[in-house]
A.B. asks: 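Input: one structure, supplied below.
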Amino acid sequence: MKTTYRKKIIPLTILAAINLCIGCRHADVVQDTPVELNDSSAAVLYILNEGNMGSNKATIDLYDIAADSIIRDIYPRMNPNVVKELGDVGNDIAVYGNKMYIIVNVSGKIEVTDLRCRRIGQIEVPNCRNITFAAGYAYVSSYAGPVDYNNPEYKQLGYVAKIDTTTLAVVATCTVGYQPNGVAIAGDMLYVANSGGYMAPRYDSTVSVISLDSFEETQRLTVAQNLESIIYDSIHNTLFISSQGNYNTLPAELYRLDLTSGNLQGLGFAATKMYLCRQKLYFYSGDMLTGNNISYGYLSIETLQRTPITLSNSAEIRMPYSIYVDEESEDIYLTDARDYVTPGVLYRYDKNGTLVSKHRTGDIPGHIIKVK
Amino acid sequence: MRNQLTAILFSILLSLSLKANSGVPASNAPWGESGSDSLYLDSIARLFRIDEIEVVARQEKDVTPPQRLRGEQLHALATTSVADAVRYFSGIQLKDYGGVGGMKTVDLRSMGSQHLAVFYDGIAIGNAQNGIVDLGKFSMDNLEEVALYNGQKSEIFQPARDFGSAGTLYLKTKRPKFSHDKTYNVEVKMRGGTFGLANPSVIYEQRLSDNIHISANAEYTYATGRYHFHYRKELADGSVAWDTTAVRENGDVQAFRAEAGLFGYTERGKWHVKGYYYQSERGIPGAIVNNVWKNSQRQWDRNAFVQVNYTTSVGKRTDLQVNAKYANDKLRYLNPDTTLMYIDNLFLQQQVYMSASARWRLFPFWDIAAAADYDLNWLKANLTDFSNPIRHTVLVSAATAVSYKWLKAQASVLETYVKDKVPSVKVPSTTKNTYNAVTPAVFVNVKPILHEEWFIRGFYKMVYRMPTFNDLYYTDVGSSNLKPEKTRQYDLGSEWSRLFATDVTRLRSVETGLKADAYFNQVENKIVAIPKGNSQYRWMMLNLGYVEITGAELSADLRFRFRTTTRPTDDLTLYLHASYTFQQALDKTNPDDNDQYGGTYKGQVAYIPRHSGSATGTLLWRGLTASYSFVYVGQRFTSSANIPANIVQPWYTHDLAASWTIPVSQNKTANTTKIQIGLEINNIFNQQYEVIPNYPMPGINGKGIIRVII
C-alpha cells in the first residue's frame with residue numbers, strides 16, 4: 001500500500017512541475033520604450049528590411065552615421081499603437097519634402113511618416129512596388145492592374161498610381177505593362193520598368209512611358225526581358241535600366257537609354273542593384289541564386305568606364321541585397337540578406353571599399369535612404 | 001466446436017505466454033504493448049481460429065515500443081483529427097495553421113515534417129509532390145489506433161518502405177468485430193459545434209461469412225471555420241499598446257470521405273482490400289498581417305486509393321506478405337485575388353506501389369527477413385514549362401531479429417534506388433536524377449532483471465530523405481541538383497512498468513509505467529527554400545544547413561482501478577499520463593554567423609521549443625468517460641537567429657471531454673443498441689495563441705456528439 005502512494009507521487013510531481021512552467025507566457029510587449037529622436041539629430045540612414053512574405057516583419061532600422069550605431073525596428077517604438085506594426089514585405093522607401101513614404105507590398109499600402117518615422121497616415125495601393133516624386137505628386141507602381149477575364153492568355157497588367165502628397169489621396173491611375181517595378185521621372189515623363197515577373201518565363205521587356213501632363217501612357221519601349229530598376233541621369237539625359245534576364249539561359253544586363261537620341265545600348269554587364277552618386281553608377285552583380293561570383297564596381301556615367309571595387313570583407317558577404325553611397329563622404333553601404341530568414345547585415349565601407357563597420361539589421365535589408 | 005475449444009485453450013495459453021514474455025501488465029495497458037499483441041488479441045476476439053493465430057503469434061514485443069493511443073483512451077480525448085491526437089506524443093511538434101480546415105503537419109524530434117512517414121492501414125501515404133502529409137485531413141472517426149515509432153516499427157516482417165524514414169506514424173482503422181452471432185454492426189454519428197461544424201458519419205460492418213467481413217464508412221464535414229481571435233500588445237509599463245479582435249475568415253471547409261474494406265481470413269493467413277476516397281474544398285485563411293485581415297485563396301483536393309495486403313504462412317518457418325497500392329490524387333490551388341499573382345494550378349499525382357516481403361524463422365530465437373518494393377510516382381501540372389516528372393523508386397531491405405530471454409535485437413539494411421525521368425526537359429544538363437544509397441539501422445533491447453519489467457534499449461538509424469518533386473522540378477523554384485537530406489539518429493532509452501494488486505478495499509490495482517529516452521540526431525544537407533531574385537514571389541531550393549539535435553523524453557503512466565461493486569466490469573478506472581520533451585535543435589550551418597545580434601550558429605532551429613509536454617487524465621466508469629488534457633509548448637523562435645524579435649510565446653491549452661453511453665435496448669443475444677452522448681470543450685481558458693506567427697488559433701471552442709451504435 002505504501003508503494004502505491006509513493007508511485008502516485010511521481011506523476012503528480014511531474015504534473016506540478018509542468019504547471020509551474022505555465023507561468024512562462026508573457027504578454028507581447030513592444031520592444032523597449034520609444035526612442036527619443038531629436039528633430040535636429042544628425043544625419044541618419046533608414047534601412048527598410050523587407051521581412052519574409054507572411055511574416056509581417058517589414059521593419060525600419062535607424063543608423064546614426066556620425067555615431068556609427070544602429071537602432072533596430074524603430075517603427076513600433078515610434079508608433080506603439082499601430083496594430084500589427086509596419087506590415088508585410090517592405091518594398092521601397094523614399095523621402096519627399098518633409099514626409100517619408102514606405103511601400104509595404106503585401107500589406108498593400110504606402111505608410112506615410114514624418115522624417116522621424118512618426119506615422120502621418122497611409123495610402124491604399126494594393127501590391128505596390130516602387131515610388132518616385134514630381135511636382136507635389138508621388139507615383140507608385142503596382143502589380144494590381146486591371147484584369148481581362150475574357151482573355152484566354154490570362155494576364156495581369158500593372159498600373160501607376162498618382163498620389164497627391166498633400167492630401168495623401170490617389171488622384172489618378174495609369175495602366176502600364178506587366179508587373180511594373182522601377183519608376184523614374186525624366187523631365188515631364190515618367191518611365192516605368194515592366195518585369196512580367198508573374199508570367200515567368202515569358203517576361204515583359206518594355207518600359208512604359210507616361211506623360212505627366214495627361215497621365216497617360218504615350219509609348220512602350222522595348223528594352224530587354226525582366227526589367228527591374230530604372231535610374232535617370234539628368235546630366236546626360238539618359239536612363240539606366242537593369243534587366244534581370246530569365247534566371248536561366250538569358251543573362252542579366254544593364255542598358256543605357258539615351259533619351260535625346262533614343263539610342264538604346266547594352267552595356268555588356270549586369271547590375272543587380274545600382275545607385276547613382278556623383279556621376280558614378282555604383283552596382284553589384286553576380287549569381288544571385290547562390291551568392292557566388294559577386295562583383296562590385298561603379299560605372300562612370302561620363303566615360304562609361306567600369307571600375308571594380310574590392311570590398312575588404314567580400315568573402316563574408318553572403319547575399320548582397322542593396323547598395324547605397326553617401327553623397328557627402330562617398331562611403332559605400334551594402335546590405336547582406338544572408339539566408340533571407342535570419343537578420344541581415346549592414347556593411348559600411350569607405351570609398352575605397354575598406355570595411356568601416358558592420359551592424360545587424362532586420363530580416364532582408366533591402367532599401368536605404370538618408371535623412372537629415 | 002471441438003476446434004473452437006482447442007482454439008480458446010490455445011489462445012489463453014498463448015496470451016499468458018505472451019504476457020510473460022512482453023511484460024505487459026494484465027488488462028490493456030496503453031504502454032509497453034506490442035503491435036502484434038493487438039492484432040493477435042483482435043483475432044482471438046474475432047474468431048478463435050488457430051491458424052491465423054499461428055501467423056501472428058510469433059511476433060513479439062517491440063524492440064523499441066511505440067507511443068500509442070488506442071481504443072477508449074483515444075476516443076476519450078477531445079480530438080477532431082489525427083493531428084490533435086499526436087500532440088500528446090512526446091517528441092512531436094505540431095505545426096497548426098489553425099481552424100478545422102487549416103493545414104496540420106508534424107515534426108518528429110526536430111528533423112522536419114518530411115522525415116515522418118505516415119502509414120494508413122499498413123501502407124505508406126505518398127506525397128511525391130512535397131513529401132508532407134496533412135494530418136488535419138485524417139479523421140478520427142474510424143480510427144482505432146495511432147502509433148508513433150522513432151526510427152522504424154520494430155518488426156522485421158514488413159515492406160522495405162517501412163524501413164525508409166526517420167520516424168513512422170501508423171494509423172489503423174477499425175477492423176470489424178462481431179459479438180456472438182451478430183452479423184452486422186451499424187454506427188451513426190453526428191457531431192456539431194463551433195466553427196459552424198456539422199459532421200455526420202456512418203459505419204456499417206457486415207459479416208459476409210466466417211472468413212470474410214466487410215466494413216464501409218462515410219463521413220461528411222462542413223465548417224464555416226469562422227472564429228474570433230484577439231491580438232494585443234502591451235507597452236513595457238503594462239499599459240495597452242494596441243488591442244484588436246477580428247474574425248478569422250476564409251477558413252471554411254467541406255469534405256467528404258468514404259472508405260470500404262474487405263477483411264478476409266484464410267487457413268494460414270489473412271487479406272485486406274481497402275478503397276479510400278476523399279474530396280474537399282477549403283479556404284486557405286492565410287497570414288494575418290498589417291492591413292490584411294482576410295485572404296481569398298482556395299484549395300480543392302481529391303484523393304483516392306485502393307490497396308491490398310495479403311499475409312500468409314508457408315510451411316512452419318516462412319511467412320510471406322504482399323502489398324499493393326494505386327493512388328490518384330488531384331489538387332487544385334486557386335488565388336482569385338487579382339491584386340496578387342493570379343494562380344489557378346492543378347496538380348495530378350499518381351502512384352503505383354508494390355511490395356513483397358518474407359520472413360524465415362531460422363531458429364526459435366532468430367528470424368531473418370527480406371523485402372523488395374517498387375514505387376512509381378508521377379506528377380502532372382498545368383504550370384508553364386512544368387516538367388511532369390516520373391520517379392521510379394526501388395527499395396530493397398534485409399533484416400534480422402534475435403529474441404533471447406533478456407535480449408531482443410534487430411538490424412536492418414535498406415537500399416534505396418531512385419531514378420527520375422523528366423519527359424518535357426527544361427532541366428540543365430547538370431541534373432542529377434538518380435540517387436542510390438544504402439542505409440543501416442540497429443535496435444537493441446535488454447531486460448537486465450528477469451522478473452522486473454525493466455528494459456534498456458537503444459538504436460542507431462541512418463536514412464536519406466529524397467528531394468521531392470517540388471524541391472526539384474517546381475517551375476522556377478525547383479533546383480535539380482539537390483542532394484538528399486541525410487539523418488542519423490542515436491537513441492538510448494529505458495522503460496519500466498509494474499502492476500500492483502492491492503488489498504485496499506476500494507483500490508483493486510495500480511499499474512505504473514515510466515519511460516525515458518535520450519537522443520542525438522544529425523540532419524545534413526537540409527533542404528531549404530530561399531527567394532530567387534529581388535522579388536519574393538519566386539523561391540528556389542538549396543541544400544543548406546546542418547542541424548544537431550539533442551533531446552530527452554520522459555513519460556509516466558498510472559492506472560488505478562477502483563472497485564465500485566464486486567464485478568470487475570463495474571470498476572472505475574483512472575488513467576493518468578504525462579510526458580515531457582526537451583529538444584535542443586541547433587543550427588550549426590555557419591560557424592562564422594555567431595554574433596549575438598542575429599547570428600544563427602548554435603541557435604535553436606525555427607519553431608522547435610526547448611520544452612514541451614502534455615498531461616492527460618481519463619476516467620472510465622461503466623458508460624461514463626471523462627477526460628482532461630493539457631498540452632504545453634514552450635517558447636520558440638521564428639528563425640535560428642534567437643533574438644527577442646523572433647520569439648514566439650509559449651502556448652498551452654486545456655481541453656475537456658466527456659461522454660455517456662446508454663444502452664437503449666438489450667436482448668439476450670447481446671445485440672445491444674447503444675446511444676452515446678458526448679461533449680468536448682477545447683481551450684477552456686480561451687487562450688489566444690499562435691503556433692505559427694500570424695496564424696491565430698481559435699479560443700474556447702466546443703462540440704457535441706451523438707452516436708448510435710446498433
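Numbered from 1 within each chain, the chains take letters A, B, ... in sequence-line order.
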A.B. asks: Among B:D344, B:D595, B:T244, B:D237, which has the most heavy-atom pairs under 4.5 Å with chain A?
C.D. replies: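 Most heavy-atom pairs within the cutoff with chain A belong to B:D595.
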
A.B. asks: Counting distance only, does the side-chain N/O of B:N694 pair as donor-acceptor with the main-chain N or O of A:S55 below 3.5 Å?
C.D. replies: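 Between the backbone of A:S55 and the side chain of B:N694 there is a qualifying donor-acceptor contact (under 3.5 Å).
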
A.B. asks: Taking all non-hydrogen atoms of both residues, which atom of A:P126 and which atom of B:T339 are closest, and how far apart?
C.D. replies: CB-CB, 3.8 Å

A.B. asks: Output the option from A:G108, A:G366, A:A144 having the highest count of non-hydrogen pairs under 4.5 Å with chain B.
C.D. replies: A:A144

A.B. asks: Measuring heavy-atom distances to chain A, does B:I643 have an atom under 4.5 Å in its side chain, in its backbone, in both, or in neither?
C.D. replies: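 Only the side chain of B:I643 comes within 4.5 Å of chain A.
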
A.B. asks: For a quick test of reading the model, state the closest non-hydrogen atom pair linking B:Y597 to A:R72 and the distance between them.
C.D. replies: O-NH1, 2.5 Å

A.B. asks: Over all heavy atoms of both residues, which pair between B:V292 and A:V106 is shortest? Give the atoms and the distance, please.
C.D. replies: CG2-O, 3.3 Å

A.B. asks: For the side chain of A:R338 and the backbone of B:D593, is there at least one donor-acceptor N/O pair under 3.5 Å apart?
C.D. replies: no

A.B. asks: If every non-hydrogen atom of A:S107 is compared with every non-hydrogen atom of B:V289, which pair is closest and at what distance?
C.D. replies: OG-CG2, 4.3 Å

A.B. asks: Measure A:E316 against the heavy atoms of chain B and call it side chain, backbone, both or neither at under 4.5 Å.
C.D. replies: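 Contact with chain B involves no heavy atom of A:E316 at all.
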
A.B. asks: Is there a donor-acceptor contact under 3.5 Å linking the side chains of B:N290 and A:E111?
C.D. replies: no

A.B. asks: Between B:S640, B:P693, B:G599, which has the largest tally of heavy atom pairs under 4.5 Å with chain A?
C.D. replies: B:G599

A.B. asks: So what's closer than 4.5 Å to chain B heavy atoms on A:V82: side chain, backbone, both or neither?
C.D. replies: both

A.B. asks: Could you look at B:N590 and say if it's the side chain, the backbone, both or neither that has a heavy atom under 4.5 Å from chain A?
C.D. replies: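 For B:N590, the side chain is the part near chain A, not the backbone.
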
A.B. asks: Please report the closest heavy-atom contact between A:Q156 and B:T338, naming both atoms and the distance.
C.D. replies: NE2-O, 2.9 Å

A.B. asks: Which pair of heavy atoms, one from B:L340 and one from A:N127, lies closest together, and at what distance?
C.D. replies: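 Closest approach of B:L340 to A:N127: CA-ND2, 3.6 Å.
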
A.B. asks: So, taking the atom named OG1 in A:T342 and the one named CG in B:D587, what distance separates them when rounded to the nearest 0.5 Å?
C.D. replies: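 Atom-to-atom, A:T342:OG1 and B:D587:CG are 8.5 Å apart.
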
A.B. asks: Under a 4.5 Å heavy-atom cut-off, does chain A meet the side chain of B:T589, its backbone, both or neither?
C.D. replies: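 Contact with chain A: none, neither part.
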
A.B. asks: Just how far is it from atom CG of A:N52 to atom OG of B:S639, taken to the nearest 0.5 Å?
C.D. replies: 9.5 Å

A.B. asks: Against chain A, work out which of B:D337, B:I288, B:V240, B:D243 has the most heavy-atom pairs shorter than 4.5 Å and name it.
C.D. replies: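 Most heavy-atom pairs within the cutoff with chain A belong to B:I288.
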
